[in-house]
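The block underneath contains the structure these notes are about, expressed in structure tokens.
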Amino acid sequence: MKAYSEAYCSFRIFGDDLDPLSVTKKLKIPPDFQSRKGEPRLERSKKGKIIEYSPYSTNMWSFSSKSWVTPPNLTTHLKWLLKELDPKKEFLLEYKNNSNIRMDVFCFSTGHSKKPPTIPEQIKKQFSELGIEIEIDHYSK
């Protein structure tokens, strides 16, 4: 039995000074999600009913490893994100110094282990140098 049954990571950049369109143009990576402050948050329930939540509180742009990396190994997903982001280092460092913009990597994992997956120090260091925090939400089954 594997310790972890599902894992993925999303790189997110957000803040009031962020223009999601400019992120797409500079990174040349298609977003999986983007929103603008004040934009309505609407979802459709499984029964087809439209549900309206409070509007988005800030601008946001993100992309995920979920559709592109198959093993439920968080390190593999993080390495894939680094491979995608490393050529864009110059752009990311511009945002690192902007106090109104925040970047992070949101990691999700589930499995039979009660402990979240560990992240190698070298990977933590590489993300840190880019000004990117790593957060993990882990759920045991």
Side-chain angles (χ1 to χ4, degrees), residues 1-98 100-141:
M1 180 183 320
K2 292 183 180 180
Y4 304 104
S5 55
E6 183 181 7
Y8 64 88
C9 303
S10 297
F11 168 70
R12 307 183 304 179
I13 181 169
F14 41 96
D16 290 348
D17 290 352
L18 183 76
D19 174 19
L21 178 58
S22 74
V23 176
T24 302
K25 286 179 175 181
K26 287 181 180 183
L27 286 182
K28 301 230 184 286
I29 296 173
D32 292 319
F33 177 81
Q34 60 184 352
S35 64
R36 292 193 177 272
K37 183 176 182 173
E39 190 176 318
R41 281 193 318 166
L42 304 170
E43 291 183 15
R44 191 177 297 274
S45 72
K46 290 182 181 181
K47 293 183 177 182
K49 182 181 177 191
I50 303 289
I51 303 167
E52 184 171 3
Y53 299 98
S54 59
Y56 289 101
S57 60
T58 193
N59 301 322
M60 182 176 167
W61 184 98
S62 72
F63 78 101
S64 173
S65 65
K66 191 173 185 176
S67 298
W68 307 105
V69 181
T70 52
N73 178 303
L74 206 53
T75 299
T76 304
H77 286 259
L78 287 164
K79 285 180 179 179
W80 182 84
L81 280 182
L82 279 171
K83 185 178 142 231
E84 294 287 308
L85 292 172
D86 194 53
K88 319 301 182 178
K89 188 180 288 188
E90 185 178 322
F91 165 74
L92 296 172
L93 292 175
E94 287 177 30
Y95 283 114
K96 179 180 179 180
N97 298 322
N98 185 327
N100 294 321
I101 292 178
R102 183 168 169 252
M103 298 182 290
D104 73 8
V105 170
F106 172 80
C107 302
F108 172 86
S109 72
T110 61
H112 298 286
S113 173
K114 292 185 180 186
K115 293 182 181 180
T118 56
I119 300 170
E121 288 303 317
Q122 180 60 30
I123 288 177
K124 287 181 188 178
K125 182 181 176 199
Q126 287 175 276
F127 278 110
S128 179
E129 288 170 354
L130 294 171
I132 299 171
E133 303 169 30
I134 299 175
E135 300 178 18
I136 300 176
D137 273 8
H138 174 73
Y139 302 91
S140 62
K141 292 182 176 184

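All figures in this text were calculated on a predicted structure; none of them were measured in a lab. In what follows, residues are counted from 1 in the order of the sequence shown.
The OG atom of Ser128 sits 10.5 Å away from atom CD of Glu121, with the distance rounded to the nearest 0.5 Å. To the nearest 0.5 angstrom, Ile132 atom CD1 is 9.5 Å from Lys96 atom NZ. Rounding to the nearest 0.5 Å gives a distance of 6.5 Å between CE of Met60 and OG of Ser35. Here the straight-line distance linking atom OG1 of Thr24 with atom CG of Asp19 works out to 8.5 Å at 0.5 Å rounding. Taken to the nearest 0.5 Å, the CD1 atom of Ile123 stands 5.0 Å off from the OG1 atom of Thr75. Note: Phe91 CZ to Ser22 OG = 6.0 Å, rounded to the nearest 0.5 Å.
No donor-acceptor pair under 3.5 Å is formed between the side chain of Ser140 and the backbone N or O of Gly111. When atom types are taken as modelled, the side chain of Ser45 and the backbone of Lys49 share a donor-acceptor pair closer than 3.5 angstrom. In this structure, the side chain of His77 does not engage the main chain of Trp68 through any donor-acceptor pair within 3.5 Å. Put simply, the side chain of Ser10 never gets that close to the backbone of Arg12: no donor and acceptor are under 3.5 Å apart.
Taking the six-membered ring for Trp, Phe33 and Tyr56 have ring centres closer than 6.0 Å.
Of all non-hydrogen atoms in Lys124 and Ile134, the two that sit nearest each other are CA-CD1, 4.3 Å. Residues Ser113 and His138 approach most closely at O-NE2, 2.7 Å, considering heavy atoms. Here the closest non-hydrogen pair linking Ile136 and Pro117 is CD1-O, 3.7 Å. Closest of all the heavy-atom pairs between Phe63 and Glu84 is CZ-CB, 3.9 Å. Nearest heavy-atom pair across Leu78 and Val105 is CD2-CG1, 3.8 Å. Taking each heavy atom of Asn59 and Arg36 in turn, the nearest pair found is OD1-CA, 3.2 Å.
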* Please step through side-chain contact (heavy atoms from CB on, under 4.5 Å) for the pair Lys66 and Glu6, ending with a clear verdict. => CA-CA 9 Å; Lys66 191 173 185 176; Glu6 183 181 7; 4.2 Å; yes
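Between Met103 and Leu130, every side-chain heavy-atom pair lies at or beyond the 4.5 Å cut-off. Residues Trp61 and Leu27 are in side-chain contact: their nearest non-hydrogen atoms beyond the backbone lie under 4.5 Å apart. Using a 4.5 Å heavy-atom cutoff, the side chains of Ser5 and Pro72 are not in contact. Two residues are said to be in side-chain contact when any heavy atoms from C-beta on lie closer than 4.5 Å; Lys26 and Glu90 fail this criterion. Counting heavy atoms from C-beta outward, Lys28 and Lys88 have side chains that approach closer than 4.5 Å. Side-chain contact between Tyr8 and Val69: absent, with no pair of heavy atoms (C-beta onward) separated by less than 4.5 Å.
With salt bridges taken as basic N to acidic carboxylate O contacts below 4.0 Å, one links Glu133 and Arg102.
None of Asp16, Asp17, Asn100 except one satisfies the side chain to side chain donor-acceptor pair (under 3.5 Å) rule with Thr58; the exception is Asp16.
Aromatic ring orientation, Phe108 versus Tyr139: tilted (interplanar angle from 30° to 60°).
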